[in-house]
Amino acid sequence: MNTSAASNKDVILQQVAAVPAGQISSYGAIAKAAGLPGYARYVGHVLKSLPKDTRLPWHRILNAQKKISFPPASLAFKEQKRRLEEEGLTILNDKVV
DNA sequence: CAGGGGGCTAAGG
DNA sequence: GCCTTAGCCCCCT
């Protein structure tokens with residue numbers, strides 16, 4: 001798929017961007033798919049570092065419990081929830097189904 | 001080099 | 001449902 005010149009961060013972002021609309025994934029799954037098993041936290045750290053105008057579907061990335069790991073008072077929480085709903089998903093008590 | 005923390009995960013109490 | 005323990009890893013002091 002592409003050369004090995006990609007850094008861990010790039011690979012992760014690539015996997016995140018590879019997630020189809022209406023489909024969700026977990027940090028561990030992304031890390032694993034990126035060939036970095038155990039980098040779950042690193043994935044979160046990277047996504048969190050993304051710019052507000054990022055085009056990466058970071059909102060499709062949830063934790064292993066399929067729940068939004070943000071506090072309900074966080075803007076990211078509402079934003080992610082809203083985007084997921086826009087993609088046809090449903091959120092029940094911070095949980096994505 | 002040591003210490004603390006983080007959109008994590010799984011198992012236990 | 002919540003918190004703790006333990007594991008994995010990276011980044012900043």
Side-chain angles (χ1 to χ4, degrees):
Chain A
M1 259 250 262
N2 75 38
T3 50
S4 312
S7 301
N8 299 347
K9 168 167 71 92
D10 292 325
V11 180
I12 292 167
L13 297 176
Q14 185 179 306
Q15 293 303 316
V16 175
V19 178
Q23 184 73 64
I24 59 172
S25 193
S26 56
Y27 303 98
I30 290 293
K32 190 166 171 239
L36 307 166
Y39 282 55
R41 287 185 107 150
Y42 184 45
V43 173
H45 203 72
V46 172
L47 299 182
K48 170 187 171 237
S49 208
L50 290 173
K52 61 179 176 106
D53 59 350
T54 183
R55 296 192 298 85
L56 286 172
W58 61 271
H59 55 268
R60 292 181 197 145
I61 313 303
L62 304 167
N63 61 20
Q65 300 175 42
K66 295 212 221 119
K67 291 182 26 194
I68 301 176
S69 306
F70 289 119
S74 184
L75 296 175
F77 175 90
K78 291 187 270 184
E79 184 63 21
Q80 178 165 33
K81 174 169 170 276
R82 191 183 76 76
R83 288 201 184 198
L84 289 170
E85 291 179 320
E86 288 289 297
E87 303 201 345
L89 293 168
T90 308
I91 290 89
L92 296 178
N93 285 322
D94 315 358
K95 255 182 303 193
V96 181
V97 289

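Per chain, numbering begins at 1; letters A, B, ... match sequence-line order.
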Any strand is fair game: report the nucleotide pairing with C/dC8 by Watson-Crick or G-U wobble, both distances under 3.5 Å, or none.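 In the structure as shown, C/dC8 has no Watson-Crick or wobble partner.
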Using atom [atom1] of [X] as one end and atom [atom2] of [N] as the other, report the distance to the nearest whole Å.
{"X": "A/Lys67", "N": "B/dT9", "atom1": "NZ", "atom2": "C1'", "result": "14 Å"}
{"X": "A/Ile24", "N": "B/dC8", "atom1": "CD1", "atom2": "C1'", "result": "15 Å"}
{"X": "A/Lys66", "N": "B/dC8", "atom1": "NZ", "atom2": "P", "result": "17 Å"}
{"X": "A/Arg41", "N": "C/dC9", "atom1": "CZ", "atom2": "P", "result": "13 Å"}
{"X": "A/Lys9", "N": "B/dG6", "atom1": "NZ", "atom2": "P", "result": "21 Å"}
{"X": "A/Lys48", "N": "C/dC11", "atom1": "NZ", "atom2": "C1'", "result": "11 Å"}
{"X": "A/Leu47", "N": "B/dG6", "atom1": "CG", "atom2": "C1'", "result": "13 Å"}
{"X": "A/Leu50", "N": "B/dG6", "atom1": "CG", "atom2": "P", "result": "18 Å"}

Main-chain N/O of A/His59 paired with A/Arg83 side-chain donor or acceptor, under 3.5 Å: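 No: the side chain of A/Arg83 does not pair with the backbone of A/His59.
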May I ask you to decide if A/Ile61's main-chain N or O and A/Gln80's side chain share a donor-acceptor pair within less than 3.5 Å?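 Checked: pair present.
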With heavy atoms under 4.0 Å as the rule, sort A/Leu36 into base, sugar-phosphate or nothing.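 Nothing: the residue A/Leu36, judged by heavy atoms under 4.0 Å, touches no strand.
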Check the phosphate of B/dC8 against A/Ser26, side-chain N and O only, distance under 4.0 Å to OP1 or OP2. Yes or no?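 Result: no.
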Do the side-chain N or O atoms of A/Tyr42 get closer than 4.0 angstrom to the phosphate oxygens (OP1, OP2) of B/dC8?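 Answer is no, no contact under 4.0 Å.
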Measure from the side chain of A/Tyr39, starting at C-beta and using heavy atoms only, and say which of B/dC8, B/dA10, C/dC9 lies closest.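 My answer, after comparing the listed nucleotides, is C/dC9.
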Of the listed nucleotides B/dC8, C/dC11, B/dA10, the one nearest the side chain of A/Ala40: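 Looking only at heavy atoms from C-beta outward on A/Ala40, the closest nucleotide is B/dC8.
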With a 4.5 Å limit on heavy-atom distance, are the side chains of A/Leu50 and A/Leu13 in contact?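 The answer is yes; the side chains approach within 4.5 Å.
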Is A/Asp53 atom CG crowded by more than 12 heavy atoms from other residues, nucleotides or ligands, each under 6.0 Å away?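 Yes, the 6.0 Å shell around CG holds more than 12 heavy atoms from other groups.
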Least distance between heavy atoms, A/Ala17 atom then A/Pro57 atom: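 Closest approach of A/Ala17 to A/Pro57: CA-CD, 3.7 Å.
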